[in-house]
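Atoms within a ligand are numbered from 1 in the order they appear, just like the ligands themselves. This is a predicted model, so every value here is computed, not measured. All values below come from the heavy atoms of this structure, side chains included, with hydrogens, waters and symmetry mates left out.
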Amino acid sequence: MTSTETDALGVLRRVFGYDSFRGEQEAIVEHVIAGGDALVLMPTGGGKSLCYQIPSLVRPGVGVVVSPLIALMQDQVDALRALGVRAGFLNSTQDHQQRRETEQAFLAGELDLLYLAPERLRLESTTELLGRGKVALFAIDEAHCVSQWGHDFRPDYLALSELHERWPDIPRIALTATATKATHAEIASRLNLGEARHFVASFDRPNIQYRIAPKNNPQKQLLELLRTEHAGDAGIVYCLSRASVEKTAEFLSQNGIPAVPYHAGLDSRTRAKNQARFLREDGLVVVATIAFGMGIDKPDVRFVAHLDLPKSVEGYYQETGRAGRDGLPSTAWLAYGLQDVVQQRKMIETSEGDAAHRRRLSTHLDAMLALCETVECRRVQLLNYFGQQGEPCGNCDTCLAPPESWDGTVAAQKLLSTVYRLQHERRQKFGAGQVIDILLGKQTPKVQQHRHDELTVFGVGTELSEGEWRGVVRQLLAQGLLAVEGDYGTLVLTEASGDVLGRKREVRLRREPKREPKAARTAKKAAAAVEMPAEAAPVFERLRAWRGETAKNQGVPAYVIFHDATLRQIATERPSTLAGLGSVSGVGENKLAKYGEQILEVLGQ
Ligand code: ADP
Ligand code: ZN
């Protein structure tokens, strides 16, 4: 830094253009500046980056940031450079010359921040390089990648435990947006963070509206959601398989919604191109497998939709967390059905790895299913999962349209005894479709072929519709009162089924609300800070057009120039001087010098 003003708050204001720290940021920053180790758990959008960027600027030397997000390093570095911060990265995408230049800059003390892929730290040449320069701190981003319990394990991260032995006096700060108690403990022990102070922020993301809908025609449901609530918005749609990614992207495009696919089967050029388009263009939808999105810090992702059930609550929370980093109202929407349960149970059954691994997968899935089937506030349940308390939020589907629960004991008994009779009287196993046909007393060819109309349970379940029976099957599977096996997803009893059949336990089930609750915009509060008066809208559009042009000329994402929230505030306040413009949140010293005159000109038009 060239200026003499080097204290943390000064840097926040001058470099980043923000007035004050948020939440625990200040305590974290002070602690690390003073040389302490820190373990930071903060939700996506909480403001983790500043927690290591500011200490890197304040402490002498270079902040070394370990991040698995190679594809995003260029954007991260561009964003910092736009603020006047001297940043560089070392990863496998560079050629020899580029690497050398960065190494030289590091050794010459001409960098504030250096981003590194974790596998580089395994190379003797890298540790030797770091040993010859001056390191201000080590930041370990996405620290949950060190945990085998979690959902995103990366073996390269295990080597990070050695940082402490090699550089015992240099502070380390590990950060993650996803951590249950188990993951939290594992991060601390695997990274040797025994002495670190732990900072645990609230995991709540109040501006995100969580909704989980029964799945019937997921593509159509998705289209309806995008048309009615998210026209023109940028968003991410997650699917489990590459094939459904391709099909869904095509379906959206055909229906007038600009969408691109992203999955590991695409060649790396296409992937990079689609990701770059998503970051740079306004209002593009990316349809992706979970391979997409870690570390994507596009602030204006307005929705995240899941067309298939995520494998764990941690994964779900991280993926949905990519919506609404800018604090504006956003939607997390998941469509979930019987087939999801059948498919995921099957995947676990046939997965590689030992029994302990399969048990872990099952535990994750059970927690996810419990979230889907809850009649309580989704947010309360999510926060509980991360060991935190919450109040019913008024901004999730179960709060907006509380589902009733009903006593499903008799229905469960009917269904389980049908499975029992098939299994024990006939030595047969069937999938949900046949079992439901039997309960409804349908004379289908398959029923007649197997003489299932002679079973005593034939036709005993006409009080429920076929859809309702599917809901019963799904929930019994979710509660472990029924299981599926084999390639055809045939239903079998579990040990716990016996308790229901023997009338030893009650079964409470969730009745689906007739209609999906529409986005009642209860998250308005979050938006108020940057809500614009009507007359500001055309000014905002002019600023946006200027920003688009500027970003294009520089080959960087638009948000690297200014965030929407900053442009909104400028459009509302319409400052007429550079000093006035400089007081807008998000306008720091460097950007003011670089763009100030241009913006005043746009405002004067
Ligand atoms: P995370 O890495 O935790 O997901 P980021 O570091 O990307 O979050 O921050 C999320 C957003 O909040 C960014 O747009 C960032 O510029 C903004 N932000 C962070 N700290 C502050 C602050 N103290 N004041 C205003 N905006 C902030
Ligand atoms: Zn709620």
Next on the checklist: Within less than 2.8 Å, report the number of protein N/O/S atoms around the Zn ion (ligand 2).
Outcome noted: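 There are 4 of them.
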
Next on the checklist: Using a strict threshold of under 4.0 Å (side-chain N to carboxylate O), is an ion pair present between Arg302 and Asp300?
Outcome noted: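 The answer is no: the pair does not qualify as a salt bridge.
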
Next on the checklist: Please determine whether a side-chain nitrogen of the Lys or Arg among Glu391 and Arg379 lies less than 4.0 Å from a carboxylate oxygen of the Asp or Glu.
Outcome noted: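 No, this pair does not count.
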
Could you pull out every N or O of ligand 1 that sits under 3.5 Å from a protein N or O, with the distance for each pair?
residue  : atom   : partner : partner atom : Å
ligand 1 : 3 (O)  : Gly46   : N            : 3.4
ligand 1 : 3 (O)  : Gly47   : N            : 3.0
ligand 1 : 3 (O)  : Lys48   : N            : 2.9
ligand 1 : 3 (O)  : Lys48   : NZ           : 2.8
ligand 1 : 4 (O)  : Gly45   : N            : 2.6
ligand 1 : 4 (O)  : Arg325  : NH1          : 2.8
ligand 1 : 6 (O)  : Lys48   : N            : 3.4
ligand 1 : 6 (O)  : Ser49   : N            : 3.1
ligand 1 : 6 (O)  : Ser49   : OG           : 2.5
ligand 1 : 7 (O)  : Arg325  : NH1          : 3.2
ligand 1 : 8 (O)  : Gly47   : N            : 3.1
ligand 1 : 12 (O) : Arg22   : NH1          : 3.2
ligand 1 : 12 (O) : Arg22   : NH2          : 3.4
ligand 1 : 14 (O) : His563  : ND1          : 3.4
ligand 1 : 16 (O) : Tyr18   : OH           : 2.6
ligand 1 : 20 (N) : Gln25   : NE2          : 3.0
ligand 1 : 23 (N) : Ser20   : O            : 2.9
ligand 1 : 23 (N) : Gln25   : OE1          : 3.0
ligand 1 : 26 (N) : Arg22   : NH2          : 3.3

Item to check | Qualifying residues under side-chain hydrogen bond (donor to acceptor under 3.5 Å, both in side chains), relative to Lys215, sequence neighbours excluded | outcome: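 Partners of Lys215 by the side-chain hydrogen bond (donor to acceptor under 3.5 Å, both in side chains) criterion, ordered by chain and then number, come out as Asp308, Asp340.
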
Checklist entry - If you count the non-hydrogen atoms of other residues, nucleotides and ligands that lie under 6.0 Å from CD in Glu376, is the total more than 12? => result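 Count not over threshold, so no.
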
Please report, to 0.1 Å, the donor-acceptor pairs under 3.5 Å made by any side chain of residues 554-563, with sequence neighbours excluded.
residue : atom : partner : partner atom : Å
Gln554  : NE2  : Tyr595  : OH           : 3.1
Tyr559  : OH   : Asp297  : OD1          : 3.2

Item to check | Mutual orientation of the aromatic rings belonging to Tyr210 and Tyr317 [parallel < 30°, tilted 30-60°, perpendicular > 60°] | outcome: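 Parallel.
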
Next on the checklist: On a heavy-atom basis, which atom in Val40 and which in Ile173 lie closest, and how many Å separate them?
Outcome noted: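 Looking at all heavy atoms of both residues, the closest pair is CG2-CD1, 4.0 Å.
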
Next on the checklist: Distance alone, cut at 3.5 Å: any donor-acceptor contact between the side chains of Arg211 and Gln209?
Outcome noted: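 Side chains of Arg211 and Gln209: pair found under 3.5 Å.
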
Checklist entry - Where the side chain of Asp366 meets the backbone of Ala478, is there a donor-acceptor pair that is under 3.5 Å apart? => result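 Flag not set: sc Asp366 to bb Ala478 has no pair under 3.5 Å.
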
